[in-house]
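For ligands, and for the atoms within them, numbers begin at 1 and follow the listed sequence. Since the structure is predicted, the reported quantities are computational estimates derived from the model, not experimental observations.
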Amino acid sequence: MRPILITLIVLLPFNVLSQNIIINVNNRTNFPLNGKWQYIIDPYENGYYDYRYEPFDKNPNPYGGYFLDRQPAGKSDLQEYDFDKSPTLIVPGDWNSQDSRLLYYEGTVWYRRLFDYKPGNPSNRIFLYFGAVNYEAHVYLNGKKLGMHIGGFTPFSFEITDYIKDERNSVVVKVDNKRSRDGVPTLNTDWWNYGGITRDVMIVEVPETYIEDYFIQLAAGQHNILSGYIKLNGHSGIQKVKVEIPELNSITEFTTNEEGIAKVEIALKNLVRWSTVNPKLYQVNISTGYEMLSEKIGFRTIETRGTDILLNGKPVFLRGICIHEENPMRGGRAYAVEDARLLLNWAKELNCNYVRLAHYPHNEHMARLADEMGILLWEEIPVYWTILWDNPGTFDNARNQLTELIGRDKNRASVIIWSMANETPVSDARTTFLKKLALHARSLDDTRLISAAMEVHGNPADPDARIVEDPFADYVDIINFNQYVGWYDGLPQKCDKVRWTIKYDKPVMISEFGAGALQGLHGDPLTRWTEEYQEDLYKRSLSMLSKIPQFRGLSPWILCDFRSPRRPLPGIQDGWNRKGLIGQNGTKKKAFYVLRDFYRQKEVEFKE
Ligand code: GCU
């Protein structure tokens, strides 16, 4: 086998840089790298593995290093891989909806972007930040391997202070969206496997010692005491940090420890707590001797008491809907604030005060806009269906995605629930896996509620009995489960007979129910795929679920039709899951109005 000759390109010592948390990037000095990036489709990964299938990264071979970018001086024999002659994709954005050759593609695509950059201050530190890349990213800058990231829906960054140049920087990213048995998610999901650099990319510039991370929220159960921490990165040693909330005439100074961490506790007067009817946000300014970083933060409490969910101490009913991260009008991954506004405005039209962001962390615009709009959020990691529960690497991956999600959104008032899983078959290994995730979530954030879409089972002796009994229920604050009586389980009339047994003194919510309907297809309520069938199922489901004594909320499946390779039915699905209350064309179906009217009644019943 003739090896593919790749001319030796700049080979620097290979060491994977540690990734850095760097939150609130949009309020820092940043330089967007969004826009056109050249791309090369590489299904056999010849740009990464030599002909012996050894990664070039790890053991550069005599035929050259890894192909990155054709340096002007360099002459590459690998004529086939030439970014300068390659087409472009728009970043952020999935590749599936930008290039018809890639609609179903699962594999590697190489991206490259050239850019010049002059730091604002030569002593500043420079980071390369990605909002998300699905699924596995290997990142290089000017021939230097910066590192890799696994997980398609959370941010990561690398410090590039020592590698960035004033001119012609070449950032190259190997993106691989292949599914894997030990992945998170695993091989089978009911959503489109959108690959690519799917969220914002930017250069972030910070002072030598910068505010890396902070957590400032109302202490659990407190009405006017903020607590948390501020973490500096840079010069070690004790430093002063100031927290100012101008509108409340509050200025408090703290001192960090040797590791640059300051514990925060602030007593406030006249604090107006954030709520769904008054989403009050305060400008919070955090300053050190090197920088001042601001952001708008809402302060509220969320807790449970018996079967009630309390927002700021008052019982609330969560009038929700599930949302996938997809703009149905474009048929691709949502990533922009305009996409978030489209989806959350539809939820508001539905009279929602709550949204389940399924089945993975959505882009940061969603939580920030929900803060402004007064919409409560459930956020989750893609621990979905048949995860490889007894594989340590899979657990580490899930925990890392959970850490990155909580790290990014822990200051968002809208986020009230961290969900650990969706529809995962019960086993000892699975429940241990989820328990460890829940403990980890609580160790990072003890101010929010933990839940999961848990399992339901029947009783062979009693066909109308449905029982929610899941060993993980002991570790969550709210009982959630998905049920499809009337769609996968009988016809809608079955809802009239089913009796639910849920023996938990905790709030109960239904995280999914629904039926498919092709928007514009009409007929009698017993004809599947008609809007009338879906409408009838919603009416009967809402009546059935309202009989559950602990019923405190729901998020029906789903706001909009969405793409899924599991839904091919020609003429009806054509690669789309049709359970949306809104069609892929943005038109509302009849069931939309059934749910909206139900929520209007609930709004009166639970006057917020
Ligand atoms: C499941 C699953 C969803 C899926 C839905 C469906 O409950 O959680 O991801 O899309 O059912 O079958 O439409």
- Item | Under 3.5 Å: N/O of Arg567 near N/O of ligand 1 | yes
- Message: Within the 4.0 Å heavy-atom shell around Glu423, which atoms of ligand 1 are there?
- Response: 1 (C), 2 (C), 7 (O), 8 (O)
- Under 6.0 Å from the NZ atom of Lys497, do we count more than 12 heavy atoms belonging to anything else shown? no
- Message: Determine whether a donor-acceptor pair (N or O, by modelled atom type, separation under 3.5 Å) exists between the side chain of Lys506 and the backbone of Ala473.
- Response: yes
- Query: What protein heavy atom is closest to atom 13 (O) of ligand 1, reported as residue, atom name and distance in Å?
  - Reply: Lys579 NZ, 2.7 Å
- Item | Contact atoms of ligand 1, heavy-atom distance to Tyr384 under 4.0 Å | 2 (C), 3 (C), 9 (O)
- Query: Out of Trp192, Trp95, Tyr194, which one pairs with Tyr104 under the ring-ring contact (aromatic ring centres under 6.0 Å, His included) rule?
  - Reply: Trp192
- Query: Taking atom types as modelled and ignoring hydrogens, do the side chains of Glu535 and Tyr593 form a donor-acceptor contact shorter than 3.5 angstrom?
  - Reply: no
- Task: Determine, for Asp445 against Lys410, whether the closest basic-nitrogen to carboxylate-oxygen distance falls under 4.0 angstrom.
- Result: no
- Note on the structure: For atom 12 (O) of ligand 1, the closest protein heavy atom turns out to be Tyr488 OH, 2.5 Å
- Does Trp191 have a heavy atom less than 4.0 Å from any atom of ligand 1? no
- Examine the proximity of ligand 1 to Thr189 and report which part, side chain or backbone, both or neither, has a heavy atom under 4.0 Å away. neither
- Go through the side-chain N and O atoms of Arg578 and Gln584 and say whether any donor and acceptor fall under 3.5 Å apart. yes
- Item | Structural part of Phe562 in contact with ligand 1, heavy atom criterion under 4.0 angstrom | side chain
- Note on the structure: Numbered in order shown, the ligand 1 atoms found under 4.0 Å of a heavy atom of Asn482 are 7 (O), 8 (O)
- May I ask you to list the atoms of ligand 1 that are less than 4.0 angstrom from any heavy atom of His359? 3 (C), 8 (O), 9 (O)
- Query: Restricting to pairs with a member in residues 448-482, which pass ring-ring contact (aromatic ring centres under 6.0 Å, His included), not counting sequence neighbours?
  - Reply: Phe481-Trp500
- Around atom NZ of Lys503, are there more than 12 heavy atoms of other residues, nucleotides or ligands at under 6.0 Å? no
- Could you see which bit of Asn422 sits under 4.0 Å from ligand 1, with heavy atoms only: side chain, backbone, both or neither? side chain
- Query: For ligand 1, is there an N or O atom under 3.5 Å from any N or O atom of His324?
  - Reply: no
- Query: Side chains of Thr403 and His440: do they bring a donor and an acceptor to under 3.5 Å?
  - Reply: yes
- Query: What protein heavy atom is closest to atom 2 (C) of ligand 1, reported as residue, atom name and distance in Å?
  - Reply: Glu512 OE1, 3.5 Å
- Task: List the closest protein heavy-atom neighbour of atom 4 (C) of ligand 1: residue, atom name, distance to the nearest 0.1 Å.
- Result: Asp190 OD2, 3.2 Å
